[in-house]
Number of protein chains: 2
Amino acid sequence: MPYSPTGALTTLPAGHPCEDCPVRPITICRSLEARTLADMRRMGNMQRLQPDQPVLHEGDPAKRVFMLTLGALKIYTLLGDGRRQVTGFMFPGDFLGITRDEEYAFTIEALRPSELWWFSREAFDRFVEANPSVERELYKMAAHELAAAQQQMVLLGRKTAAERVASFFLNLLQRGERVSGRTETRFNLPMSRLDMADYLGLTKETVSRMLAELRDRRLIRLETQSRVEVLDRAGLADMAEGHRAA
Amino acid sequence: MPYSPTGALTTLPAGHPCEDCPVRPITICRSLEARTLADMRRMGNMQRLQPDQPVLHEGDPAKRVFMLTLGALKIYTLLGDGRRQVTGFMFPGDFLGITRDEEYAFTIEALRPSELWWFSREAFDRFVEANPSVERELYKMAAHELAAAQQQMVLLGRKTAAERVASFFLNLLQRGERVSGRTETRFNLPMSRLDMADYLGLTKETVSRMLAELRDRRLIRLETQSRVEVLDRAGLADMAEGHRAA
DNA sequence: TTTCCGCGTTGAGCCAAATCATCCCTCCGC
DNA sequence: GCGGAGGGATGATTTGGCTCAACGCGGAAA
């Protein structure tokens, strides 16, 4: 469920460092003036990540905020006995690290080779204070995340296994569409079956079985293990909302 | 988990309309100057609510935001076949209606006789724009809600029935403590067993059984059906986090 | 091309919580 | 105090998804 800032995309002068940034149209940067954007860019630090490489751990002091420009990340928290809940996946354009706490309450790891920009939280806070439009975008983004979190509570609290997987796939499809700006029928699964299971409150075996069920009902096709084609979007939506026939 | 604004409580001149407001110390109003606070007060409208009385319905145009000063509310969404997920309970001091959408994505109803202040969203947006400190408080509040939502995802996705009820009770206890400012051993349950079940992703029967289990383990005592005394807080915390013995 | 390793799939049996059924208790109104 | 209604508790049974186990397959390295 990507966040989409509002308002017109600021045009940049030739030679601006953010000129070719692939995610600018879909992040908080969208609304920034060339000058301010350059300030922000100078404040940031790019970090490349390999699959499974951690960005930060639960309990680390919350000294940085992040923006993903390439790849995919997962965010999760652990219970004492190893049970894990993935609370979200991050895709290019997503902004991360929003917290009032002194320590991160989650762990973040790369799913794929990724490029991540980080900002000192202290410097970023000053930047936000000096740029009310950024504060507004952050607030909107947080409100958006909150709405998404409520949807996920419905999924985790009340949906069946098949409904959870169908809902998740629709969300991934819609995210791809909002980024590309056109209707899509395919999407990637950059995470493992176990990651999906821990996001959906299921086991990896159940996820596998539900994939088989969606396939057998001709709602989707698995082009490869990590690429899905949606064959019957309306049917998938029906299943996601619990309108499905027995 | 109540939101607690930061910074010193603004002192008000005698005769200020918010002088005796019971929730000012625990809301976004805390940081407002007497003048600005009076503006906000003038913008607001008080509404009394009876138990089960709806405040708004899912799908209504999102034209108002709210602050609760007395009582308790529940927030829920429905699936097509009547399954219900309670996504939160509201207590005095809570602020509500934050959304970027044109329509509310949830329904709100009173649990108890309540007093609710509402503000036209349009007027409130203008007020926020004119008062950056309010925007900052709203952003912090949203970030706080987001952290709470992530905790609830862990609960719904990975905790057992007993752990869910124990976690919920600890949260209620902590909320009471943050409001009163001192250690508590008792708290109220203003909602029905069914409301609790729909919040915790369980059935009312299972909630009932888990209450009996917590009672039998001497972790809590039910003073009445809607008032709980915590007998063993550490034990309750252990159970909430899954550290419990078999 | 072959081999190997780990992820993914599929099957069998089990269990925690849901469902179904009944009873109880508390809180009203009279 | 009495009767009734509705929420809450408890017991019996069912079941969706988990656990445990075996196997398949695809991608990487040689």
Side-chain angles (χ1 to χ4, degrees), chain A residues 50-52 74 79 81-85 111-113 155-168 188-216 220-228 239 242 244 246, chain B residues 50-52 74 79 81-86 109 111-113 155-168 188-216 220-228 239 242 244 246:
Chain A
Q50 292 311 308
D52 299 325
K74 65 183 170 196
L79 291 179
D81 61 358
R83 278 174 289 173
R84 190 179 70 143
Q85 179 66 35
L111 293 167
R112 300 277 166 195
L155 182 150
L156 292 170
R158 286 292 175 241
K159 289 190 180 178
T160 66
E163 290 163 6
R164 293 180 198 204
V165 174
S167 301
F168 178 52
N188 287 318
L189 294 172
M191 70 295 289
S192 70
R193 299 293 188 262
L194 180 59
D195 289 334
M196 279 189 247
D198 285 347
Y199 180 62
L200 299 173
L202 301 171
T203 59
K204 62 188 199 306
E205 292 93 337
T206 298
V207 168
S208 219
R209 281 185 251 270
M210 295 305 117
L211 288 182
E213 183 173 334
L214 295 185
R215 192 219 313 127
D216 295 347
I220 62 165
R221 193 169 69 87
L222 285 163
E223 294 185 5
T224 70
Q225 283 188 339
S226 64
R227 186 160 181 81
V228 177
M239 174 159 286
R244 81 189 179 295
Chain B
Q50 292 311 308
D52 299 325
K74 65 182 170 197
L79 291 179
D81 60 359
R83 278 175 287 173
R84 190 178 70 145
Q85 179 67 35
V86 172
E109 278 176 24
L111 292 167
R112 300 278 165 193
L155 182 149
L156 292 170
R158 286 292 175 241
K159 288 190 181 179
T160 66
E163 290 162 6
R164 293 179 198 204
V165 174
S167 301
F168 178 52
N188 287 318
L189 294 171
M191 70 295 288
S192 70
R193 299 294 187 263
L194 181 58
D195 290 333
M196 280 189 248
D198 284 348
Y199 181 62
L200 299 173
L202 301 171
T203 60
K204 62 190 199 306
E205 292 91 337
T206 298
V207 169
S208 223
R209 281 185 250 271
M210 294 306 117
L211 288 182
E213 183 173 335
L214 295 186
R215 193 218 315 125
D216 295 348
I220 63 165
R221 193 169 70 86
L222 285 162
E223 295 186 3
T224 71
Q225 283 190 337
S226 65
R227 186 160 182 82
V228 177
M239 173 159 286
R244 80 189 180 296

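Throughout, a chain's letter reflects where its sequence line sits, starting with A, and its residues are numbered from 1.
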Looking at residues at least two apart in the chain, or sitting in another chain, which of them share a salt bridge (charged side-chain N to carboxylate O under 4.0 Å, His left out) with A:D216?
none

Spell out, as yes or no, whether a donor-acceptor pair under 3.5 Å connects the side chain of B:R158 to the backbone of A:L79.
no

At a 4.0 Å cut-off to heavy atoms of chain A, the contacted part of DNA chain D spans D:dG17 to D:dC20

Interatomic distance, NZ@A:K159 vs CZ@A:R164, rounded to 0.5 Å, equals 9.5 Å

A:D81: what forms a side-chain hydrogen bond (donor to acceptor under 3.5 Å, both in side chains) with it, not counting sequence neighbours?
A:R83

How long is the line joining CG of A:D195 and C1' of C:dG8, in whole Å?
13 Å

Residue pairs involving residues 199-209 of chain A (criterion salt bridge (charged side-chain N to carboxylate O under 4.0 Å, His left out); sequence neighbours excluded)
none

Applying side-chain hydrogen bond (donor to acceptor under 3.5 Å, both in side chains), name anything that partners A:R215, two or more places apart in sequence or on another chain.
none

Terminal helix-axis angle for the helix from C:dT1-D:dA30 to C:dC30-D:dG1, with five pairs defining each axis and rounding to 10 degrees
50°

Nucleotides 14-29 of chain C: protein proximity per nucleotide (B base, S sugar-phosphate only, - neither; heavy atom, under 4.0 Å)
---SSBB---------

The criterion is side-chain hydrogen bond (donor to acceptor under 3.5 Å, both in side chains); which residues satisfy it with A:S208, sequence neighbours excluded?
none

Side-chain heavy-atom pair B:L200, B:M210 within 4.5 angstrom cut-off
no

Sequence-distant partners of B:R84, side chain to side chain contact (heavy atoms under 4.5 Å, CB included), two or more places apart
B:K74, B:Y76, B:L78, B:V86, B:L194, B:D195, B:D198

Residues in side chain to side chain contact (heavy atoms under 4.5 Å, CB included) with B:R227, at least two apart?
B:R186, B:N188, B:E223, B:T224

Touch class at under 4.0 angstrom, heavy-atom based, for B:S208 against every strand present:
base

In whole Å, I'd like the distance from the CZ atom of A:R215 to the C1' atom of C:dT10.
11 Å

Roughly, in whole Å, what's the span from CZ in A:R193 to C1' in C:dC7?
9 Å

